[in-house]
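Heavy-atom basis, side chains included; hydrogens, waters and symmetry copies ignored. Keep in mind the model is a prediction, meaning the values are calculated, not measured.
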Amino acid sequence: IKKLTQGMTVDGIHYGGVKVEQERAREGRNQWLTLTLHEGKNREIRRLMEACGLKVSRLIRTHYGPFGLGNMEEEDLAEIAREDWMSLLPEGFELP
């Protein structure tokens with residue numbers, strides 16, 4: 001976890017620090033971590049975990065920029081038009 005929070009270079013690519021929260025200890029081989037990224041390079045989480053000797057078996061994105069799932073259930077989710085969600089962006093927020 002310390003390596004992740006400080007940032008690291010993997011295969012010549014520098015990844016900035018990542019905020020890491022570990023869920024309560026679990027029995028068995030799987031552990032759940034919550035990672036907060038500020039840039040999000042291609043396959044960043046998988047590459048960082050692999051460099052730390054860990055394998056990612058499942059990723060769940062809960063936020064993207066100013067948008068978050070909150071306590072939504074699967075049946076509450078719906079696709080919206082680009083124009084509609086663009087109007088929800090905070091002033092000055094730029095898309096990549």
Side-chain angles (χ1 to χ4, degrees):
I1 291 177
K2 186 176 180 180
K3 284 183 185 180
L4 294 170
T5 58
Q6 292 176 344
M8 55 197 291
T9 300
V10 179
D11 296 331
I13 300 172
H14 181 73
Y15 297 97
V18 176
K19 180 181 174 189
V20 181
E21 297 175 41
Q22 184 175 11
E23 283 195 20
R24 60 181 160 71
R26 292 177 169 234
E27 297 287 327
R29 297 178 56 165
N30 293 324
Q31 292 293 312
W32 283 87
L33 301 174
T34 300
L35 281 72
T36 303
L37 309 177
H38 294 284
E39 11 177 12
K41 294 177 179 151
N42 187 33
R43 299 182 61 79
E44 180 171 353
I45 293 173
R46 291 186 189 278
R47 288 187 174 128
L48 290 171
M49 294 291 114
E50 186 177 286
C52 292
L54 301 170
K55 180 182 178 200
V56 174
S57 58
R58 184 173 182 196
L59 287 173
I60 302 171
R61 183 186 300 254
T62 60
H63 289 82
Y64 184 82
F67 302 105
L69 294 178
N71 295 323
M72 295 176 81
E73 298 292 331
E74 187 174 345
E75 60 270 8
D76 296 332
L77 302 177
E79 188 172 342
I80 62 172
R82 180 180 175 91
E83 303 80 40
D84 292 337
W85 65 262
M86 291 283 290
S87 68
L88 301 172
L89 291 171
E91 190 173 325
F93 185 86
E94 293 185 32
L95 294 172

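Of all non-hydrogen atoms in R61 and L69, the two that sit nearest each other are O-CD1, 3.6 Å. Shown here for A51 and M8, the closest heavy-atom pair between the two residues is CB-CE, 3.7 Å. Looking at every heavy atom in both residues, L35 comes nearest to M49 through CD2-CE, 3.7 Å. Shown here for G68 and H63, the closest heavy-atom pair between the two residues is CA-CD2, 3.4 Å. Across all non-hydrogen atoms, the minimal contact from T36 to V18 is O-CG1, 3.5 Å.
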Verify side-chain contact (heavy atoms from CB on, under 4.5 Å) between K3 and L48, making sure each step is shown before the conclusion.
CA-CA 9 Å; K3 284 183 185 180; L48 290 171; over 6 Å; no

Residues E44, L37; criterion side-chain contact (heavy atoms from CB on, under 4.5 Å); working and verdict
CA-CA 9 Å; E44 180 171 353; L37 309 177; 3.9 Å; yes

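Atom CD of E74 is surrounded by 12 or fewer heavy atoms from other residues, nucleotides or ligands within 6.0 Å. Heavy atoms of other residues, nucleotides or ligands lying less than 6.0 angstrom from NZ of K41 number more than 12. Around the CD atom of Q31, the shell of radius 6.0 Å holds more than 12 heavy atoms that belong to other residues, nucleotides or ligands.
Atoms CE and CG, from M86 and D84 in turn, are 11.0 Å apart once rounded to the nearest 0.5 Å. Interatomic distance, E39 CD to H14 NE2, rounded to the nearest 0.5 Å: 8.0 Å. Rounded to the nearest 0.5 angstrom, S57 OG and R46 CZ are separated by 8.5 Å.
Residues V10 and L59 share a hydrophobic cluster, clusters being chains of Ile/Leu/Val/Met/Phe/Trp/Tyr side chains in contact below 4.5 Å.
Side chain of R58 to backbone of W32: no donor-acceptor contact under 3.5 angstrom is found.
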